[in-house]
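Just below is one structure, and these are the notes that go with it.
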Amino acid sequence: MMGSGVLGAPLQLRAHPICSVSGRDRRVKASVLTPTSGDAPSFTGGGSFPGKPEADVIVIGSGIGGLSCGGLLARYNQDVVVLESHEHPGGAAHSFKIKDYNFDSGPSLFSGFRSKGLQANPLAQVLDALGETIPCASYDSWMVHIPEATFLSKIGPTSFLKDLEKYASVEASREWSKLLNAVLPLSGVAMALPPLAIRGDLGVLSTAGIRYAPSLLKSFIKMGPQGALGATKLLRPFSEIVDSLNLKDPFVRNWIDLLCFLLAGVKSDGVIAAEIIYMLAEWYKPGCSLEYPLNGSGDVVTALVRGMQKFGGRLALRSHVDNIVIENGRAIGVKLRSGQFIRAKKAVVSNASMWDTLNLLPNEVIPKSYQQKIEATPQCDSFMHLHLGFDKKNIPEDLSIHHIVVDDWSRGVDAEQNAVLLSIPTVLTNNLAPPGKHMLHAYTPGTEPFELWEGLDKRSSEYRNLKAERSEVLWKAVERALGAGFSRDSCEVKLVGTPLTHKKFLRRNRGTYGPAIKAGEGMFPGQSTPIPQLFCCGDSTFPGIGVPAVAASGAIVANSLVSVSLQCELLDAIGI
C-alpha cells in the first residue's frame, strides 16, 4: 500500500503490483506516445518501432521510477525515449479496465501529493517539475481488523492514543507517546534535504550539501545534543530505537512490526529507521491527511506521461527489450525483440529489477562480483490478488476505503496468508465504476511464496485448484470487511491474480515485489553500475521499495546525467 521515501521523502505504504489480467499473450505492433495538446496521452505508429531509432537516453520500463527519470530528462531538454514491453504504461502502477470498472493494479494509498513543507513528496516534486497536478480526495482513516478488535483508525497525533487505551491498555498509549516524542524530531533532518537535490556524482556537494547546509544545520540545532545523537541511528534497524526506549507492550510492538512490514517488506528489525520515522511523521503529526486520485491511481501514470511528452519525451509501448547492447565496454543502446537496434548517445537506464536487468546483459560483459552480489540478494515474496466489481446494494454506506486484516499476531505479520489488505476507491470517487457499483482490490502483501507456483501450467486443473485454494483468504477478508450483505456470486467481475500472472505481465523475476534487504545487513545499491553509461532506477536501487522511493531513484539518475547548473535551475524554478 505505501512506499518508502528517504532523504526528504515522506513514506507511504507499499505500492502493490498486479497484472493486466487480459490473459492473452498478444502479438502486436509497437506504438509510440507522441506529444499532444489534449489532456490524455495519444498513441500512434506501427511497425516494430515508430520514430527515430536513437535518443540521448533510453529508459527501459515505464514504472514510476522510469517515468520520473524520463520526465525530468525531458524537462532538462534531453532527447529521451522510454521503452515499455506492456501495452499500458505504468509498470506495477498501471491501471486497467474491465466491464467499465477501472481497476488499480498497484498503489492505492498515498500520504499526500505535496511537494513542499509537511509531507513533501518526491513524486509530487517530479510532477511539479513537469507542471502537472492530480485532483485528489482527502480522508483521514482506515479500518483495522486485528485479533484484539475491529476499529476505525484515524491518523493524527491524538486519535490513535485513544484507540490504544480502548483496545490495548493505558500503558500501550504511554509507550506510543514515548515513541513519537523520541522519533518525530528526527524527521526534520531528512526533510531538510529534498530528493530532487540528490545526484549520483560529486556534484551532490553543491546541489545538496552547500545548497541545503543551513536548513540541515538548523534541524540539528533544533533537536539539541541528544536528538542529534539519535540522528546517527537513522540508517540502523528501527528495532534498535524501539529497544533503546524499552518499549515492551505487545500491541505496540505488533503495530510497529505491521507498519514496518507494510512499508518495506520486513519487520522492525530489518527496516531502516529513517523510513519508519517518516511514516510516523506522515501519519501522526498535526495536519496530516491521506489522499486518493479522483480518477484512480492510473492518473499518476497519465500525469507523468503527459508531463514527459510536454517537453518532447517519447514513450514506446509494446517495445520489448531483449538485451542491452554493449560496445567497447559501454552501454550504447538496446536491441528489441523485433530485432531493431535503438541507439543511446549518452546512457541506458534500466527501470527493471536488478535480476531482470542482469538478464538483459551479455554474460561476457558482466563483472563476476556484480553478478554474484545480485544473485545473492534475497527477494521479497510475491502476491495473491483479487479484483472485484459488484453492486453497492446491501453494502454499508459508511464503508472505509482501506482495510487491513491480520489473523494472528503470534505468527508474525510477515507469515504467509496472515495479513490481507483491501482498497475500495469507489468509496471516495464515482469515476472508477458504473453507477451504483463498487470496485475492490484485495491482496496478500508480498507474502505468497513463488515456490508453490513455480513450473505450473496455467491451463491445468492443478493451477486452477491452487488458485482457488490460495485466494480463499482474500475472499474471507472481503466478506469480513463488507459484511453479510456481500455475496461472492453476485460480483459482476471476479479476477484472481497469482505470482505467475505477476511474473508474466509485470516481467518481475519470480513475481517478486523487490529486494528483501534488511537494515544492518545490507543497503540498497546506488543508481550507477560497473558498466559505463548503464544506470538503474526503481525499487532495486536506493532509496528502496515504494512510490516515493522509486520516484526519488528516477530523479537521482536524471540529475546525474545533466550538469549541476541545470539541476540548480530546476530546483530554483520549482521553489525547493
Side-chain angles (χ1 to χ4, degrees), residues 25-36 41-63 65-91 94 301 304-352 356-362 364-366 507 527 529 531-538 554 557-558 560-562:
D25 183 14
R26 302 175 188 158
R27 299 291 178 177
V28 293
K29 294 181 178 180
S31 64
V32 65
L33 177 67
T34 56
T36 174
S42 65
F43 298 89
T44 62
S48 58
F49 179 79
K52 63 177 181 178
E54 70 173 16
D56 291 332
V57 181
I58 293 172
V59 180
I60 303 170
S62 67
L67 289 176
S68 295
C69 181
L72 286 178
L73 284 169
R75 176 70 168 77
Y76 285 133
N77 296 316
Q78 302 297 298
D79 180 17
V80 60
V81 60
V82 178
L83 303 175
E84 172 56 52
S85 178
H86 206 289
E87 61 189 35
H88 300 290
H94 79 272
V301 174
L304 288 170
V305 170
R306 189 172 55 228
M308 181 176 69
Q309 73 168 20
K310 184 189 306 179
F311 293 97
R314 294 176 286 158
L315 170 65
L317 300 176
R318 307 180 182 97
S319 298
H320 180 78
V321 174
D322 256 359
N323 56 73
I324 298 168
V325 178
I326 308 298
E327 186 177 278
N328 297 324
R330 310 177 75 84
I332 63 161
V334 301
K335 183 180 178 182
L336 303 183
R337 175 178 287 169
S338 65
Q340 187 167 8
F341 170 67
I342 314 297
R343 179 173 295 278
K345 292 185 284 186
K346 291 185 178 180
V348 174
V349 181
S350 176
N351 187 209
D356 294 297
T357 299
L358 192 67
N359 290 334
L360 293 176
L361 291 167
E364 62 272 15
V365 306
I366 305 172
R507 303 196 185 281
Q527 282 69 33
T529 74
I531 299 173
Q533 295 183 189
L534 175 62
F535 298 83
C536 295
C537 67
V557 176
S560 302
L561 292 175
V562 300

**Request:** Determine yes or no for a side-chain-to-main-chain donor-acceptor pair under 3.5 angstrom, with E84 supplying the side chain and S62 the backbone.
**Result:** yes
**Asked** Going from CZ on F311 to CG on L72, what distance comes out if it is rounded to the nearest 0.5 angstrom?
**Response** 10.0 Å
**Asked** Nearest heavy-atom pair of G313 and A74: which atoms, and what distance?
**Response** N-CB, 4.0 Å
**Prompt:** Hey, mind stepping through R507 and S85 against side chain to side chain contact (heavy atoms under 4.5 Å, CB included) and telling me if it holds?
**Reply:** CA-CA 9 Å; R507 303 196 185 281; S85 178; 2.7 Å; yes
**Request:** Run the numbers on L534 and L361 for side chain to side chain contact (heavy atoms under 4.5 Å, CB included), then give the verdict.
**Result:** CA-CA 10 Å; L534 175 62; L361 291 167; 3.8 Å; yes
**Request:** Please work out which of the three classes, parallel, tilted or perpendicular, describes the rings of H94 and H88, given edges at 30° and 60°.
**Result:** parallel
**Under 3.5 Å: donor-acceptor pair, side chain of D56, backbone of Q78** = no
**Request:** Can you measure from CD1 (I342) to CG (L83) and round to the nearest 0.5 angstrom?
**Result:** 6.5 Å
**Prompt:** Checking S560 side chain against A558 main chain: does a donor-acceptor pair fall under 3.5 Å?
**Reply:** no
**Prompt:** Between I332 and F341, what is the shortest heavy-atom contact and its length?
**Reply:** O-CZ, 3.9 Å
**Request:** Report the C-alpha separation of K52 and D79 in whole Å, then their side-chain angles, then the decisive distance to 0.1 Å, and conclude whether the side chain to side chain contact (heavy atoms under 4.5 Å, CB included) test is met.
**Result:** CA-CA 11 Å; K52 63 177 181 178; D79 180 17; 2.8 Å; yes
**Fill in**
Note: V82 and G70 closest approach over all heavy atoms is CG2-CA, 4.3 Å
**Message:** Within the 4.5 Å heavy-atom criterion, are Y76 and L561 side-chain neighbours or not?
**Reply:** no
**V57 versus K346, closest heavy-atom pair with distance** = CG2-CB, 4.4 Å
**Prompt:** Could you state the interatomic distance from CD1 (I58) to NZ (K345), rounded to the nearest 0.5 Å?
**Reply:** 11.0 Å
**Message:** Nearest 0.5 Å, please: how far is CE in M308 from CZ in R75?
**Reply:** 15.0 Å
**I60 CD1 to C69 SG distance, which is reported to the nearest 0.5 Å** = 11.5 Å
**Heavy-atom side-chain proximity of V321 to L336 below 4.5 angstrom** = yes
**Item:** Stepwise side chain to side chain contact (heavy atoms under 4.5 Å, CB included) test for Q309 and L315
**Value:** CA-CA 8 Å; Q309 73 168 20; L315 170 65; over 6 Å; no
**Message:** With heavy-atom distances below 4.5 Å as the criterion, would you say the side chains of N323 and P362 are in contact?
**Reply:** no
**Request:** Measure across D356 and A352 and return the closest heavy-atom pair with its distance rounded to 0.1 Å.
**Result:** CB-CB, 4.0 Å
**Request:** Quick one: closest heavy-atom pair of N351 and C537, and the distance?
**Result:** ND2-O, 3.4 Å
**Prompt:** Could you state the interatomic distance from CD (Q533) to CD1 (I324), rounded to the nearest 0.5 Å?
**Reply:** 12.5 Å
